[in-house]
Amino acid sequence: MAAVRHIGVLTSGGDAPGMNAAIRAVVRTAVARGLKVTGIVRGYTGLIAGDFRPLDARSVSNIIQLGGTILKTSRCQEFFEPEGRAKASANLASAGIDGLVVIGGDGSFQGLHLLATEHDVLAVGVPGTIDNDIYGTDFTIGFHTAVNTALESIDKIRDTSSSHDRVFFIEVMGRSSGAIALVVGTAGGAEEIVIPEKPVDVDRLCATIEAGRRRGKESFIVVVAEGAADGGATAVAELVSERLALDYRVSILGHVQRGGSPASYDRTLASRLGVAAVEALAAGETDVMLGADGWGTEIVPLPDTWEKRGTVSGKKEDLTLELLRVARITGS
Ligand code: ADP
Ligand code: F6P
């Protein structure tokens, strides 16, 4: 197999703080190895449209601290179709790009796997999503920043919640994952956390509030992952308020969780995985994701990233249950 000489890089799916740090690491690693680098604008949309721009070491100066993605991102319907992926492959070939790095979530990886297998494109993924829902990596790029952002809001809501003796149902993002809710709820001292991985237990929520009241608690924070129930925190609040007299409010934190300057962990993770991605391509790897495992990196087959759960050493599932246990003891 001929060595990679020209790398393309794109960001896809929901943006995540730290994507810029990953782009920077990919570009700088490629340049350091004497490889050409091209940025592809707006993810798979730009790949199909041929919206390419050359990148050099200086094009990624002063971006490590920026949220969002300088390459922009998109969700692209056309890439779900074989014809769309054929156009993408033809555009890569005509630009002379022989290796592709995609920074995105598991949806982006499903598309990338099809591109790599249908068209023999050398392609690797870097996990970039606030949801932390990808197998094979301790954390995804953007998760820690999103957690910190949500936590700041929860600390503020606690002030008003305790002044008014209210119950707050706070909805955080995460699609079908409860990872953000679990960490934010534990770190924010929430009385309860509702996650998609467990059925909504209205009896339990009511019992927690009633028991807290008996012990003199006057305000409560319930963190609800958006995917925990149809209708999210609003629906959960309605279910509880049908059973208990409550002065309650619902607060949906929303897209604020996607923005902002990346936390140090996300910048470092992005730098590590960006370097590892180019090194993996140069070593002939394809159809894989680069994941973090402690201070090391793992090379994980792309299909594993959405088909399996947890980390390579299998601890993430256990951590979910353990965090729920810790949050319930410490938040009581
Ligand atoms: P994320 O990568 O953050 O999980 P999405 O699930 O929205 O975000 O996926 C981003 C894009 O990846 C989609 O808009 C589409 O272009 C592509 N994609 C997702 N799933 C597939 C699939 N099964 N087949 C082909 N392309 C896909
Ligand atoms: O995958 C990241 C994420 O922010 C999810 O947490 C959320 O469900 C979704 O994207 C929101 O997508 P959109 O930006 O299309 O509203």
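For ligands, and for the atoms within them, numbers begin at 1 and follow the listed sequence. Just so it is clear, the structure is predicted and the values come from calculations on it, not from any experiment.
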With a 4.0 Å cut-off, would you call [X] and [Y] a salt bridge?
X      : Y      : answer
Glu192 : Arg204 : yes
Glu191 : Arg328 : no
Glu210 : Arg213 : no

Considering the heavy atoms of [X], write down every atom of ligand 1 situated less than 4.0 Å from one of them.
X      : result
Gly105 : 1 (P), 2 (O), 3 (O), 4 (O)
Gly14  : 3 (O)
Ser12  : 10 (C), 11 (C)
Tyr44  : 12 (O), 16 (O), 17 (C)

Checklist line | Asp120 CG: over 12 foreign heavy atoms closer than 6.0 Å | finding: no
Check: Would you call Leu114 a ligand 1 contact, heavy-atom distance under 4.0 Å?
Finding: yes
Check: With a 4.0 Å heavy-atom cut-off (strictly under), which part of Arg175 contacts ligand 1: side chain, backbone, both or neither?
Finding: side chain
Give every pair made of an N or O atom of ligand 2 and a protein N or O atom lying under 3.5 Å apart, one pair per line with both atom names and the distance to 0.1 Å, or write 'none'.
residue	atom	partner	partner atom	Å
ligand 2	1 (O)	Asp131	OD2	2.7
ligand 2	4 (O)	Arg258	NH1	2.7
ligand 2	6 (O)	Asp131	OD1	2.7
ligand 2	6 (O)	Gly174	N	3.0
ligand 2	6 (O)	Glu226	OE2	3.3
ligand 2	8 (O)	Glu226	OE2	2.5
ligand 2	10 (O)	Arg258	NH1	3.1
ligand 2	14 (O)	His255	NE2	3.1
ligand 2	14 (O)	Arg258	NH1	2.9
ligand 2	14 (O)	Arg258	NH2	2.9
ligand 2	15 (O)	Arg75	NH1	2.7
ligand 2	16 (O)	His255	NE2	2.9

Notebook entry, point to check: To which protein heavy atom is atom 26 (N) of ligand 1 closest, and what is the distance rounded to 0.1 Å?
Noted result: Gly111 CA, 3.3 Å
Check: When the ring planes of Phe139 and Tyr265 are compared, do they come out parallel, tilted or perpendicular, using 30° and 60° as the limits?
Finding: perpendicular
Check: Who are the side chain to side chain contact (heavy atoms under 4.5 Å, CB included) partners of Arg5, not counting sequence neighbours?
Finding: Asp98
Margin query: So, using side-chain hydrogen bond (donor to acceptor under 3.5 Å, both in side chains) as the criterion, who are the partners of Glu279 when residues are at least two apart?
Written below: none
Check: Atom OG1 of Thr149 and atom CG of Leu253: how far apart are they, to the nearest 0.5 Å?
Finding: 9.5 Å
Item checked: Residue pairs fulfilling ring pair (Phe, Tyr, Trp, His ring centres under 6.0 Å) with at least one residue in residues 83-107, sequence neighbours excluded -> none
